[in-house]
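What you see below is based on every heavy atom in this structure, not just the backbone, and it leaves out hydrogens, waters and symmetry mates.
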Amino acid sequence: MSYFIYGDKETEYLKSKDKKLAGVIEKIGHIDRLCYDDLFEAVVNSIIGQQISTKAHQSVWKKIKDDTGKLDANTIISMGREKLQAYGTTWRKVDYIMEFATKVQYGECNLEKIKEMTDEEVIAALSSLKGVGTWTAEMILIFCLQRQNVFSYGDMAILRGVRMVYHHRKIDRKLFEKYRRRFSPYCSVASLYFWAVAGGAIPEMKDYAVQKGGQ
């Protein structure tokens, strides 16, 4: 694994475009976020992690990695459904992973070609796989392929971070796209800071979201 790569060029650009984000970047400093170097592992890991806690996700993934080392399509197929399920994942996720591994093994899903695609093409290719939606594909774009300009409207933490920084009560698609244009071509870097804010990196910032039943 490695860290998401960015530096002064990206942060100085974002700071020049937005004073509030500039303040956030100054307060938080550089963010180290781990990335997967291997696309096959990133997809399998993402499927396993869906709709379970971070702790449970990490536990299942550690068991698999400790037992197998480097994970590839042949390893998954040789493992079989029962052994894969025994690590603690659901049968539905097992089927998604087995189907993905089979497609990779038989060349129906060419991971090397996917790496060369545009962001939009990667999202289309990955989200065509069972168990991989648009949000998962966007996270793989950032945390495996290290694409610099991904801004996910489907990510609740990013929306929360944007609300906290700009004091919005609600963020619709039109407003979100305004910010996307402002932060482009470094939306992924901006996302790192909104995630940090949403996670409490700046304690004095609060969420201005409309409460249920509120106006």
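Residues Lys83 and Asp67 meet the side-chain proximity criterion, which asks for heavy atoms closer than 4.5 Å. At a threshold of 4.5 Å between non-hydrogen side-chain atoms, the residues Leu175 and Lys178 count as touching.
Judged by distance alone, the side chain of Ser127 and the main-chain N or O of Ile123 form a donor-acceptor pair under 3.5 Å. Of the possible donor and acceptor atoms, none in the side chain of Ser184 sits under 3.5 Å from a partner among the backbone N and O of Arg180. A donor-acceptor contact shorter than 3.5 Å links the side chain of Glu10 to the backbone of Gly7. Between the side chain of Gln50 and the backbone N or O of Gly131 there is at least one donor-acceptor pair closer than 3.5 Å.
Classified by interplanar angle (parallel below 30°, tilted 30° to 60°, perpendicular above 60°), the ring pair Tyr179/Phe183 is parallel. Ring planes of Phe151 and Phe176: parallel class, angle under 30° (limits at 30 and 60°).
Ring centers of Trp195 and Phe143: under 6.0 Å apart, within the cut-off. Less than 6.0 angstrom separates the ring centroid of Phe100 from the ring centroid of Phe40. Ring to ring, His30 and Tyr3 are not that close: their centroids are 6.0 angstrom or more apart.
Ile5 and Ile25 sit in two unconnected hydrophobic clusters of ILVMFWY residues. Membership requires side-chain heavy atoms under 4.5 Å apart, directly or through other members.
Residues forming a salt bridge (charged side-chain N to carboxylate O under 4.0 Å, His left out) with Lys130 (at least two apart in sequence, or on another chain): Glu99. Residues passing the salt bridge (charged side-chain N to carboxylate O under 4.0 Å, His left out) test with Glu112, sequence neighbours excluded: Lys115. Residues passing the salt bridge (charged side-chain N to carboxylate O under 4.0 Å, His left out) test with Glu108, sequence neighbours excluded: none. Every residue two or more places apart in sequence or in another chain that forms a ring pair (Phe, Tyr, Trp, His ring centres under 6.0 Å) with Tyr186 is listed here: Tyr13. Applying the salt bridge (charged side-chain N to carboxylate O under 4.0 Å, His left out) criterion to Arg181, with sequence neighbours excluded, gives no partner residue.
Between Lys113 and Glu116 there is no salt bridge, since no side-chain N of the basic residue sits under 4.0 Å from a carboxylate O of the acidic one.
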**Item:** Trace of the side-chain hydrogen bond (donor to acceptor under 3.5 Å, both in side chains) decision for Tyr87 with Asp66
**Value:** CA-CA 11 Å; Tyr87 287 114; Asp66 286 349; over 6 Å; no

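Among residues at least two apart or in separate chains, salt bridge (Lys or Arg N to Asp or Glu O under 4.0 Å) pairs with a member in residues 29-53 are Asp38-Lys70, Glu41-Lys65.
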